[in-house]
Amino acid sequence: VHISHIGDQTGNTTGWLIQFSDVSEQKQAEEGMVTAQKTLKAILNTLPDSFFEADPNGTITYANRAFIKNLGFSAWEDVQGQNFRKFTDHKAVREIFEKFKLLYETKQSLEPFEYNYRTKDGTLYIGETTVSPIMAGDKVIGSRGLIRDITARVNAEKEILRQKDLLDSLLQQSPLAMVINDMEKKISVVNPAFEKLFGYSQAEVIGKSLDDLLSVSRGSREMDDLSTIVMKRQETRESRRRKKDGTLVDVEIFTTPFFVGGERFGYLAFYNDISERLKAEANFKKTQSSYFAVLETLQDAYFEVSPS
C-alpha cells in the first residue's frame, strides 16, 4: 500500500491518494528464498565436510556444523567473526594468503589445495580445500568453500613412502644379494649385491626367470623345486649357482614368501657367497687330517685333555 498527500495551491489537504499494488508474487518469492536458504543450510549441516563463507578480509561469516565441530568447538558463536588466520597453521599462513589473493584477482574457483589448520586444542590437521568466489555482479564480495579432512590419507601415503624408502635402502645397502620374484617366478627387483655376485645388471634380469639364469645345468630340478617350496614356506639351503660368465659359485640361500598389502606377491631370495668359507673349512679338514696322520706315526703315547 502506498499513501500520498493531495493538497490545493495553498497547501490545504484536499484528500489522500491511496495506491494498492499486488505484491503477492514478490512476497511468495521472498518467502521462497527464505525457505530455500533454510533448506540449503539444513543440507550443509548434514555434510561431514567443513563448509564456510568468509568476507574479503578472511573473516568467517557462515560455517556449517561440521566446520564448527571439526575445529573442536560446539557453537556457531565460537567461530563467528573469527579470521581464518586464527585456525591456519602459522607455517601455511603466507601460502593461504596467496591462494585467496589469487581467487580475488582472477574471480575464478581455485584448484583443490592442501590447507593445514589447527583445532581448538592445537592439533594439526590437513584438509583438501576447494574455494570459489561469492560474486555480486562482477565484484567478488567473499569466498565459500569446503574443507575435507585428509590427515589420515596423507599420513598413510607418507607411511607407504617411508616403507618404500626403507625397502629401497635395504635393497641398495644390503651386503647380501637379494632378488624379488613375482608369482610367475619372474624377477621384479634385484639389488647391487646381486649384480656384483652374479655379474648381471638389473636391466638384463628384470622379467626373466631366476631358475633359467642361475641354474647350474639346464633342466636342473633343484631350483624349480626350491621356487615351488618357497611359495609356501621359508627355506634355507646351501647350493651352487651359475654366474653370467658361466663360473659356479657356492652360496647359502634363504628364501621366504613375499607379501605386498597383505597379498602374496611372490618370494624373496637372499644369496650369501660362502666360497671362501667352504675353502677355509676344506683347508681346516685337510690340515686336521695331516695332523692326525702325523700323530699316528708317533711311537710314543700321545693324549689331549679338555679343561673340564
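When reading the values below, keep in mind they use all heavy atoms of this one structure, side chains included, and skip hydrogens, waters and symmetry mates.
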Inset, instruction - Kindly indicate, with the supporting measurements, whether the criterion side-chain hydrogen bond (donor to acceptor under 3.5 Å, both in side chains) is fulfilled by Asp211 and Ser209. - result: CA-CA 5 Å; Asp211 294 359; Ser209 166; 4.9 Å; no

Legend entry - Short side-chain to backbone donor-acceptor contact, Arg118 and Gly122, under 3.5 Å: yes

Legend entry - Pairwise side-chain contact, Lys243 with Leu248, heavy-atom cut-off 4.5 Å (strictly under): no

Legend entry - Contact check, side chains of Leu268 and Asn181, non-hydrogen atoms, under 4.5 Å: no

Legend entry - Same apolar cluster: Leu146 and Ile150, side chain cutoff 4.5 Å: no

Inset, instruction - State the CD-CD distance between Glu276 and Glu281, to the nearest 0.5 angstrom. - result: 12.0 Å

Legend entry - Gap separating the CZ atom of Phe265 from the OG atom of Ser188, nearest 0.5 angstrom: 3.5 Å

Legend entry - Rounded distance [0.5 Å steps], CD in Gln108 versus CD in Glu105: 12.5 Å

Inset, instruction - Would you check if the side chain of Asn191 reaches a backbone N or O of Met178 as a donor-acceptor pair within less than 3.5 Å? - result: yes

Inset, instruction - List in chain and number order the residues that pass salt bridge (charged side-chain N to carboxylate O under 4.0 Å, His left out) with Glu252, two or more places apart in sequence or in another chain; answer none if no residue qualifies. - result: none

Legend entry - Shortest non-hydrogen contact between Gln234 and Pro257, atoms and distance: N-CD, 4.0 Å

Extract all donor-acceptor atom pairs below 3.5 Å that involve side chains of residues 192-203 and protein atoms in other chains or at least two apart in sequence.
from	atom 1	to	atom 2	distance (Å)
Glu195	OE2	Gln202	N	2.7
Ser201	OG	Glu204	N	3.3
Ser201	OG	Glu204	OE1	3.2
Gln202	OE1	Val190	N	3.3

Inset, instruction - Mind running salt bridge (charged side-chain N to carboxylate O under 4.0 Å, His left out) on Glu235 and Arg237 for me, showing each step along the way? - result: CA-CA 7 Å; Glu235 182 74 10; Arg237 66 176 61 177; 3.4 Å; yes

Inset, instruction - Treating Ile, Leu, Val, Met, Phe, Trp and Tyr as nodes and any side-chain heavy-atom pair under 4.5 angstrom as an edge, say whether Met183 and Phe259 lie in one connected cluster. - result: no

Inset, instruction - Compare all side-chain heavy atoms of Ser109 with those of Pro133 and state whether any distance is below 4.5 angstrom. - result: yes

Legend entry - Nearest-0.5 Å distance that lies between atom NZ in Lys91 and atom CG in Leu124: 8.5 Å

Inset, instruction - Measure the CG-CZ distance between Asp273 and Arg241 for me, rounded to the nearest 0.5 Å. - result: 13.0 Å

Inset, instruction - Taking the side chain as every heavy atom from C-beta outward, state whether Val154 and Glu114 have any pair of such atoms under 4.5 Å apart. - result: yes

Legend entry - Donor-acceptor contact below 3.5 Å, side chain Thr46 vs main chain Ile43: yes

Inset, instruction - Enumerate the residue pairs fulfilling side chain to side chain donor-acceptor pair (under 3.5 Å) with a member in residues 150-160, sequence neighbours excluded, ordered by first and then second residue. - result: Asp149-Thr151, Glu159-Arg162, Glu159-Gln163

Legend entry - Linked hydrophobic residues, Leu103 as query - side chain contacts closer than 4.5 Å: Phe52, Ile60, Phe67, Ile68, Leu71, Phe73, Trp76, Val79, Phe84, Phe87, Ile96, Phe100, Leu102, Tyr104, Leu110, Phe113, Tyr115, Tyr117, Tyr125, Val131, Met135, Val140, Ile147

Inset, instruction - Output all residues satisfying side chain to side chain donor-acceptor pair (under 3.5 Å) with Lys164, sequence neighbours left out; order by chain, then residue number. - result: Asp168

Inset, instruction - Count the heavy atoms belonging to other residues, nucleotides or ligands that lie under 6.0 Å from CZ of Arg277, then report whether that count exceeds 12. - result: yes

Inset, instruction - Verify the cluster assignment for Val251 and Ile187: are they in a single hydrophobic cluster under the rule of side-chain heavy atoms below 4.5 Å apart? - result: yes

Inset, instruction - With salt bridge (charged side-chain N to carboxylate O under 4.0 Å, His left out) as the test, would you mind laying out the steps for Glu98 and Arg94 before giving the verdict? - result: CA-CA 6 Å; Glu98 294 298 332; Arg94 172 54 58 180; 3.4 Å; yes

Legend entry - Identified side chain to side chain contact (heavy atoms under 4.5 Å, CB included) partner of Tyr271 from the options Leu176, Val249, Ile253: Ile253

Inset, instruction - Nearest 0.5 Å please: distance from the CG atom of Leu278 over to the CG atom of Asp250. - result: 5.0 Å

Inset, instruction - Kindly state each residue pair satisfying side chain to side chain donor-acceptor pair (under 3.5 Å) with at least one member in residues 53-74, sequence neighbours excluded. - result: Ser50-Asn70, Glu53-Arg144

Inset, instruction - Test Val189 against Leu171 for side-chain contact (heavy atoms from CB on, under 4.5 Å), laying out the working first. - result: CA-CA 9 Å; Val189 179; Leu171 285 169; 3.6 Å; yes

